[in-house]
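Nothing here was measured: the structure is a model prediction, and the numbers come from that model. Lettering of chains follows the sequences in order, A, B, ..., and the numbering in each one begins at 1.
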Amino acid sequence: MDGIHKNHALTVVQRVLVVLLVIYLILPFAWMVVYSIYPSQNLRSTPMDFSLSDITLSSYVSLLGDQSFIVAMRNSLIIALSTTVICMILGSLCAYVLARFRFKGSQTLLLAMMTVQAIPAIVLAVPLFVLLRGVGLFDTQLGLILTYTAFILPLVIWMMVSFFESIPVNLEKAARIDGCSRLDILRKVVIPLSGPGFAATAIFAFITAWSDFFLAKVLTGTNTLTLPVKTASFQGLFAMDYTSAATAGVITALPVLILALVAQRWIVQGITEGAVKG
Amino acid sequence: MTRARVSVGERQDRRFAIAASAPAVLTICALFIYPMVYAVVLSLYHLNDKLPAQTRFVGLGNYAQLLGDQDFIHALGRTATFCVFTVFGGVALAIGIAVLLNVKFRGRTITRVLLLVPWAVPPVVNGIMWKLIFDGSYGVANEVLMAVGLTDTRIQWLATPKLALAVLIFAELWKLTPFLALMALASIQSIPSNVYRAAMIDGANAWQRFWRVTLPNMRGTVMFLLIVQSMWSIKVFDSIYVLTGGTGGPAEATTTINFLAYLTTFSYLDRGYGAAMSIAIMVIVCLVAVFWVLLLGRRKDA
Amino acid sequence: VSPTAGDSEASGSAASSPLKPDSGDVTGELTILDDNTNLVFQDGLIDVFQEQTGITVKTYEMGNFNDLHDRFATLFAAQDSSFDIIMTWAGWSAEFGKAGWLQELDSSALPSDLIRPALDAVSWDSKVYGMPKFASVQTMFWNKEHFSAAGLDPDTVPENWDDFVAAAKACTTADHYGYCCDMGNPAGAYQNYLRALLLAGGELYDADWNPQLNSEAGIEGLTKMVELLNLHKAMDPASLQITNASDLNDVFAQGNTSIVFNWPFQWAAATKDGAKTTAATTGNGLIPGINVRSASIDGSEGYAINVNSPNKQAALKWLQFASSATAQAQIVGQEGWFPVSQTTLDDPATAEALPVVTTYKQSTDYVTKRYGTPWSSELDQLLSVQVNQAMNQQITPEEALNNAQEELKPIVERYMA
Amino acid sequence: MAEIKLTNVGKKYPGKNADYAVQGISYTVLDKQFVSLLGPSGCGKSTTLNMIAGLESVTEGTIEIDGVRVESLEPHKRDLAFVFQDYALYPHLSVYDNIAFGLRMRKMPKKEIDARVKESAEKLELLPLLAKKPRALSGGQRQRVALARAIARRPGVLLFDEPLSNLDALLREKTRSELRILHNDIGATSIYVTHDQEEAMSLSDKIAVMSRGHLEQYGSPDEIYNTPATEFVAGFVGKPRMNLFTAVPAGPGAFTLEGSPFVVDGVSVRSDQPVRIGLRPSECGVRPAGSDDADGTVVVVEPLGSHTDVIVDIAGYHFVVRVTGFADLQVGQPVRVVTAGAVRHVFDATTGLRLNADD
Amino acid sequence: MAEIKLTNVGKKYPGKNADYAVQGISYTVLDKQFVSLLGPSGCGKSTTLNMIAGLESVTEGTIEIDGVRVESLEPHKRDLAFVFQDYALYPHLSVYDNIAFGLRMRKMPKKEIDARVKESAEKLELLPLLAKKPRALSGGQRQRVALARAIARRPGVLLFDEPLSNLDALLREKTRSELRILHNDIGATSIYVTHDQEEAMSLSDKIAVMSRGHLEQYGSPDEIYNTPATEFVAGFVGKPRMNLFTAVPAGPGAFTLEGSPFVVDGVSVRSDQPVRIGLRPSECGVRPAGSDDADGTVVVVEPLGSHTDVIVDIAGYHFVVRVTGFADLQVGQPVRVVTAGAVRHVFDATTGLRLNADD
Ligand SMILES: Nc1ncnc2c1ncn2[C@@H]1O[C@H](COP(=O)(O)OP(=O)(O)OP(=O)(O)O)[C@@H](O)[C@H]1O
Ligand SMILES: Nc1ncnc2c1ncn2[C@@H]1O[C@H](COP(=O)(O)OP(=O)(O)OP(=O)(O)O)[C@@H](O)[C@H]1O
Ligand SMILES: [Mg+2]
Ligand SMILES: [Mg+2]
């Protein structure tokens with residue numbers, strides 16, 4: 001538990017638990033992968049037929065050959081990336097101010113932003129639609145980007161504030177004496193320094209934007225159909241296709257998974273730093 | 001007596017502060033103020049799109065109706081069940097995982113990395129995934145159970161109300177617990193190791209060290225986890241939508257309050273009532289958060 | 001901000017008179033939001049339409065059926081006019097028509113030979129809000145191989161419920177059940193209940209739209225379903241979790257059940273490559289009745305015009321085109337749906353292109369209903385809870401339907417007030 | 001050339017009812033002087049330094065550098081460099097880039113930057129470390145990087161905020177000497193904040209002793225040590241701490257620690273009121289005595305190698321005496337305290353101001 | 001009663017190719033003795049202490065407490081208490097509960113717990129703070145809580161791991177005296193880890209000087225200071241650091257710092273090989289000289305109040321001399337270094353072992 005005595009030796013129970021945990025973590029996703037590479041008959045026969053020779057990527061080929069799927073992928077990528085970039089720029093600027101300048105109401109502002117998290121998206125769908133249509137942004141990528149930005153910014157700010165607060169004030173003083181403006185400090189000192197936190201937050205923003213389903217469903221037409229909406233559509237009234245759904249699921253999850261795994265060091269560290277404060 | 005001097009630097013700082021925070025604040029305001037006001041006003045109206053003639057201002061009438069609405073109360077009950085399992089179960093499981101992964105062993109890093117897998121799986125995919133597993137005809141869960149002899153007929157997980165809710169809880173736990181576990185782990189690791197050493201010398205065994213040192217020191221984090229998970233659980237939508245084919249079924253077993261608000265607004269087109277429901281949900285989320293803060297927040301040291 | 005300001009406007013325009021076809025030349029650009037059932041429009045019919053009328057189809061979007069309701073709700077609530085034409089069917093025509101979102105059509109705009117259930121699917125309260133694009137009626141499909149294996153005559157269709165139960169029981173083996181249906185979601189629960197009720201010779205509403213869910217026929221119908229599952233054990237328990245007809249398609253086409261009552265496209269699914277059934281081994285016939293010879297439910301789809309559309313005349317042309325012989329021939333021939341006009345139905349070429357049309361023709365002699373109402377969503381939802389409990393034997397069919405009746409009454413009153 | 005003049009400088013941090021963090025500070029630091037700000041934690045040393053640097057605004061008074069008022073000049077326009085207690089190295093930059101950062105911000109030509117970095121790195125023996133990141137360095141090395149960064153800019157003024165307090169004892173002492181050598185070498189006017197009186201004494205030309213936001217004394221180490229202007233200074237400077245006790249008059253030029261036989265005579269101050277008397281431990285002695293003529297009893301004997309500290313309990317007051325070598329005394333032994341060779345520091349019992357002139 | 005005996009104790013941390021963190025340590029701590037483990041960072045002090053406490057397993061050798069081997073006894077069965085450098089207070093418990101925790105774990109009756117807590121809190125002047133949480137306390141107060149927690153258990157053995165190093169200089173000195181008084185008062189056998197030689201000297205009955213996992217010398221402060229057993233001990237103990245340089249024979253009993261006119265005579269060691277000679281700064285003197293007869297030139301003059309450190313550059317070697325009072329010397333001035341009164345410490349140039357017997 002605290003690893004003082006039994007530093008490197010796990011008890012049998014612990015070993016079993018770790019193995020179970022690992023299985024628990026990967027198996028569901030692995031099963032979806034299996035579903036996407038075997039013809040459905042193989043998995044619907046009893047017993048299931050896992051002959052390696054039956055493995056086929058045809059479902060991937062056909063999905064990736066489907067223009068609308070590619071468009072959805074592109075939409076999702078553009079929207080999630082732009083949202084992330086905007087969130088990180090606006091968010092770190094605002095978080096920096098909240099972390100470094102104490103002014104009346106800064107705490108209130110931070111709290112008020114968090115209550116945004118409590119709002120169910122359902123109530124906002126129609127008014128948001130009206131709003132976006134009113135300014136000509138309905139069914140445009142920018143419309144979704146702005147919406148996501150508004151939803152994700154408060155969390156980004158919340159996270160970044162805690163990372164920024166952990167940066168020694170003296171570093172900023174040093175930078176000011178070295179001739180940095182506030183913006184320089186943010187760009188050259190604060191952000192590079194909150195590296196893991198920054199990366200973790202960015203990935204968090206990306207995943208949130210990438211994964212959103214409900215708002216995308218309501219606020220998009222064909223032009224901006226996103227991947228989760230497309231993926232969910234594989235179980236329509238007249239079109240449930242488990243293999244395609246599984247394949248789409250894998251494809252939808254894969255970029256985020258890869259991103260998360262590549263940046264795992266930062267994420268774990270970022271979460272750690274943020275949580276220590278919480 | 002004192003001249004309050006504002007130096008050039010301070011003035012510049014002030015200007016910077018305003019300029020830097022404005023874009024974010026304005027974006028949030030721009031996209032939330034109108035919809036929120038719209039929603040609040042809407043919630044004061046009787047407005048069913050299918051009954052345009054009956055549209056009228058009812059003040060808090062919708063809210064009053066909520067209090068006596070059996071559907072809402074049942075949904076509230078289901079939400080409570082769902083929350084009890086996902087919040088308490090989730091946080092407890094997260095702490096358990098964190099404690100397990102706090103022990104040094106080979107492969108610990110990779111195990112921690114694997115915690116990110118469920119987090120990275122979008123809710124929609126999560127729903128599909130569990131559907132593949134718990135499908136009543138072809139799901140692998142039944143195959144496995146039948147293979148080990150725990151059942152001889154296929155269990156209709158998603159057709160049996162209680163089981164469907166259980167599957168939903170399970171799916172949600174799978175997705176969110178690992179992330180909570182990472183946070184719990186971070187919190188455990190921030191407890192200085194010497195405190196454990198002190199406890200060992202004081203004669204506390206592993207179990208006592210967990211209950212008397214680890215857990216009390218995680219109070220802040222546990223509170224945070226409870227708040228976050230409560231928020232997620234009360235507002236759960238995507239998983240239900242995908243797992244139940246957009247119905248909240250079977251037999252409304254997975255119709256939580258948020259899903260009911262969705263059905264009311266989008267299926268029944270009873271938008272005024274739906275808005276009132278959504279705002280009630282928002283209030284409930286805030287109340288629950290405040291509840292955790294009051295229960296576990298930092299009490300002033302004497 | 002006044003969320004209601006626009007709605008009075010909307011109801012205002014809804015009050016405008018039914019749309020009559022303009023005799024003059026109609027031009028314009030159309031935007032259409034369809035579901036993804038029909039590919040024939042995209043694959044050529046649009047071009048034909050443009051050629052015929054000189055009207056351009058600027059956008060033809062195919063949305064996922066499951067997402068469409070939410071999208072329509074959003075679009076209409078915001079008085080949006082980005083689509084001139086939307087796809088509709090029985091439930092939505094009533095619902096959106098009642099909401100004043102669909103343009104009412106004058107009878108002069110309608111072809112005279114529309115088949116009744118198909119017309120019902122685009123009407124509510126004797127107002128017509130659109131035109132059908134295809135008709136869909138459930139018929140019975142059976143696996144002839146299973147019948148033979150069970151010692152039944154593969155070419156004899158059970159003509160009444162008892163025969164049907166006997167056949168389903170006989171076909172039930174360790175491998176598969178004799179019968180399977182899709183009652184996993186509210187719409188499915190409603191459909192299966194309604195079909196049973198009709199087969200028992202009942203009616204869902206009286207002439208004044210007073211619901212009679214718990215009528216004798218209703219209770220009898222539901223009881224038969226419960227018995228099929230729990231007493232005869234001839235119904236696949238997975239029926240309670242299958243949420244859509246295409247899954248049912250698959251179950252049948254993979255030989256995992258012997259009998260289904262399904263939409264016409266079951267034929268296409270059962271005979272396509274990869275299916276374990278073929279045209280030769282798939283039987284098709286009327287659904288066996290309980291107290292009547294047969295009855296069925298309707299699933300026709302059509303098009304309606306957005307009340308906010310600035311191009312109503314052009315839109316009307318599209319509606320007429322979709323129900324015209326040209327379009328119908330393709331929908332029937334290439335996609336396996338039933339035609340909406342008597343003329344096409346009577347055309348011998350039609351039966352040749354789609355063998356199941358023969359059964360469809362027979363079925364027009366019997367009751368085919370859907371009862372699309374503005375409260376369909378609410379009804380589906382509340383009924384599904386009760387039906388699920390009855391099927392799981394937590395309550396009796398009678399209790400279930402009494403409950404449902406009690407819940408439905410105030411809702412209907414509200415809408416009919 | 002850089003002369004720094006503070007006139008009546010005061011600072012209030014924002015916040016309701018906030019007290020002055022610093023008030024009425026005036027002194028002049030001459031060009032090339034090394035001045036320490038000495039005082040306990042929270043006395044306003046860092047605040048003063050930050051105002052000089054321009055990192056905090058000045059609430060009252062003026063600060064001039066070379067006769068030019070700088071209160072509203074931005075930090076980087078003041079020709080000064082700052083060395084922080086926690087070094088404040090940019091963790092994401094290599095040693096080289098840390099040193100070069102300030103030069104780059106000043107848009108110096110690349111070549112000159114390189115030359116300057118190399119030069120200052122050489123001066124501080126950092127050449128082999130230029131490519132490393134700060135986290136790969138030891139505490140002492142980080143400290144040297146911070147210094148190198150400061151001097152690379154060749155500023156007229158060098159400000160230090162407790163630059164050694166994060167080093168361990170050995171390293172602290174070593175770096176202290178190097179700092180002094182460095183100062184002699186580069187000759188920038190230096191202001192050095194510390195709460196360690198030994199550090200201040202050993203490094204400075206002048207020391208400004210502060211307490212609770214006020215300046216207690218400004219003078220050379222010699223003055224500070226030998227003629228502390230206030231009881232506070234007397235108690236703060238010198239190690240071990242000066243023995244300071246309230247004494248009541250006991251005859252002409254004599255005072256006694258009340259309730260004890262311990263008498264200090266030869267005091268040049270006349271007073272019929274109790275005064276505070278200060279005696280440095282190292283100027284006193286101790287010798288065994290019989291229990292009848294003893295001033296008190298030994299409570300602790302601390303051998304420290306070259307000398308031993310003996311603590312004598314005199315009527316409840318712990319009087320410290322530092323004797324050379326190892327003392328042959330036992331705990332509990334009655335002793336007499338010898339004060340003959342000790343300078344008498346006398347302070348007013350209420351104001352704490354020095355009463356006797358320099359002697 | 002608690003006597004601790006280490007016999008040939010060694011420790012290897014797990015890990016491939018790991019070296020011994022500690023090896024071949026043997027010594028005996030007598031009952032009620034106060035023993036310091038002194039050495040630079042990483043030399044294995046904490047490791048040794050943790051093995052005694054039972055917080056680390058012992059790889060080799062035996063540890064006996066009162067003649068009983070304890071290597072496989074759990075920590076809380078060893079009748080000892082531990083004071084940590086970071087205090088390791090339970091952050092979530094009040095001061096009272098922190099002190100009571102260990103007693104509760106031992107299932108002591110409530111009443112007695114209360115009495116013990118009050119007693120030890122009183123001893124450390126914590127009574128007004130009992131209800132506070134650790135984070136509301138100052139460093140010094142936390143330190144006292146850690147001490148109170150340790151003594152409340154009335155253990156036979158008290159272990160300290162650098163308990164003062166997180167305190168500032170003033171507080172450190174104050175607490176040091178209190179610690180000594182406390183030890184005399186409660187009389188537990190104490191083992192105290194520190195890297196501050198002054199602390200070790202002032203507190204201990206015996207000191208174990210360690211370096212790189214080995215025991216360099218075990219002896220009284222007097223022995224350690226006056227007859228350091230190795231060059232390492234000589235250099236580590238004493239402040240300022242002993243001047244240690246390589247000297248070549250220059251006639252009978254005389255050695256010279258090569259390349260300089262500086263000669264040390266009267267050395268009792270014969271050698272025709274270069275040796276390492278050590279001279280304590282405070283035992284040497286310095287006097288102005290002409291440029292012809294000078295040993296070197298002054299590079300730094302550090303006045304420290306009661307004394308002044310003068311650094312003389314002798315052929316590149318920085319020789320430190322500590323003179324009493326303020327020295328009237330200028331940087332750059334040629335001087336002679338007077339070593340007449342200084343003890344000659346002579347060490348083998350390769351092994352570092354002391355060559356001359358005690359003198
Ligand atoms: N940013 C600030 N806001 C409000 N008060 C402050 C701020 N910085 C310092 N103070 C207060 O001003 C007073 C002087 O603080 P300052 O940091 O100058 O002390 P210091 O002498 O440097 O102490 P230390 O030796 O602990 O660094 C203290 O009472 C402190 O609490
Ligand atoms: N848990 C551990 N695992 C591996 N090596 C360790 C561990 N703890 C200490 N060491 C190593 O053992 C050696 C001795 O460490 P120890 O902590 O005993 O030194 P120390 O004298 O207490 O130093 P310090 O003064 O820095 O506390 C060091 O080289 C250290 O790196
Ligand atoms: Mg300071
Ligand atoms: Mg240590």
Side-chain angles (χ1 to χ4, degrees), chain B residues 33-57 70-71 74 131 134-139 153-161 164 241 244-253 255 260 262-272 275, chain C residues 1-4 7-8 10-12 14 66-67 69-74 76-77 94-101 180 183-189 236-244 247 251 256 374-378 380-382 384-389 391-392 394 407 411 414-415 417:
Chain B
I33 285 187
Y34 171 76
M36 270 319 288
V37 173
Y38 186 108
V40 170
V41 172
L42 194 60
S43 75
L44 303 178
Y45 276 84
H46 176 89
L47 194 162
N48 183 328
D49 283 317
K50 292 183 284 185
L51 296 167
Q54 293 179 15
T55 301
R56 64 180 189 280
F57 182 80
Q70 286 305 309
D71 286 344
H74 286 150
K131 222 175 155 167
F134 285 106
D135 186 281
S137 317
Y138 309 118
T153 52
R154 289 199 161 79
I155 299 170
Q156 297 303 317
W157 300 95
L158 296 172
T160 317
Y241 186 91
T244 67
T247 66
E252 293 185 331
T255 302
L260 184 64
Y262 164 77
L263 288 178
T264 307
T265 305
F266 284 90
S267 287
Y268 310 155
L269 302 180
D270 201 350
R271 289 195 293 131
Chain C
V1 188
S2 170
T4 58
D7 291 280
S8 49
S11 30
N66 276 2
D67 297 336
H69 190 272
D70 292 353
R71 282 190 64 194
F72 290 156
T74 316
F76 288 130
E95 183 179 351
F96 297 142
K98 172 90 175 142
W101 291 343
C180 188
M183 52 197 313
N185 62 359
D236 191 340
S239 303
L240 296 186
Q241 68 126 54
I242 295 176
T243 54
N244 59 65
D247 275 0
V251 176
N256 288 330
W375 56 85
S376 287
S377 296
E378 286 96 323
D380 290 1
Q381 190 74 28
L382 68 88
S384 73
V385 176
Q386 302 301 336
V387 167
N388 183 286
Q389 286 179 344
M391 295 300 287
N392 281 322
Q394 284 155 339
E407 287 182 42
I411 295 175
R414 184 141 44 93
Y415 283 101

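Between C/Ser377 and B/Ser267, the closest heavy-atom pair is OG-O, 3.2 Å. In terms of heavy atoms, C/Ala77 sits closest to B/Arg271 at CB-CZ, 3.3 Å. Nearest approach of C/Lys98 to B/Lys50, heavy atoms of both residues: CG-O, 2.9 Å. The shortest heavy-atom contact between C/Gln241 and B/Phe134 is OE1-O, 4.1 Å. Taking all atoms of both residues into account, the shortest heavy-atom contact from C/Tyr415 to B/Tyr268 is OH-O, 4.1 Å. Of all heavy-atom pairs between C/Gln381 and B/Thr247, the closest is NE2-O, 3.6 Å.
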Start with the C-alpha distance between B/Leu269 and C/Trp101, add both sets of side-chain angles, then the distance that settles side-chain contact (heavy atoms from CB on, under 4.5 Å), and finish with yes or no.
-> CA-CA 12 Å; B/Leu269 302 180; C/Trp101 291 343; 3.8 Å; yes

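Using a 4.5 Å cut-off between heavy atoms, B/Thr265 makes no contact with chain C at all. Using a 4.5 Å cut-off between heavy atoms, B/Asn48 touches chain C through its side chain atoms alone. When heavy atoms are compared at a cutoff of 4.5 Å, C/Val251 approaches chain B by way of both its backbone and its side chain. With a 4.5 Å cut-off on non-hydrogen atoms, B/Glu252 touches chain C through its backbone and its side chain both. At a 4.5 Å heavy-atom cutoff, B/Phe57 makes no contact with chain C through either its backbone or its side chain. Heavy-atom distances place the side chain of C/Phe96, and not its backbone, under 4.5 Å from chain B.
Between chain C and the residues B/Pro161, B/Gly248, B/Ala39, B/Ala251, the largest count of heavy-atom pairs under 4.5 Å involves B/Ala251. The choice from B/Thr160, B/Asp270, B/Leu158 that makes the most heavy-atom pairs within less than 4.5 Å of chain C is B/Leu158.
Using a 4.5 Å heavy-atom cutoff, the side chains of C/Asn392 and B/Pro250 are not in contact.
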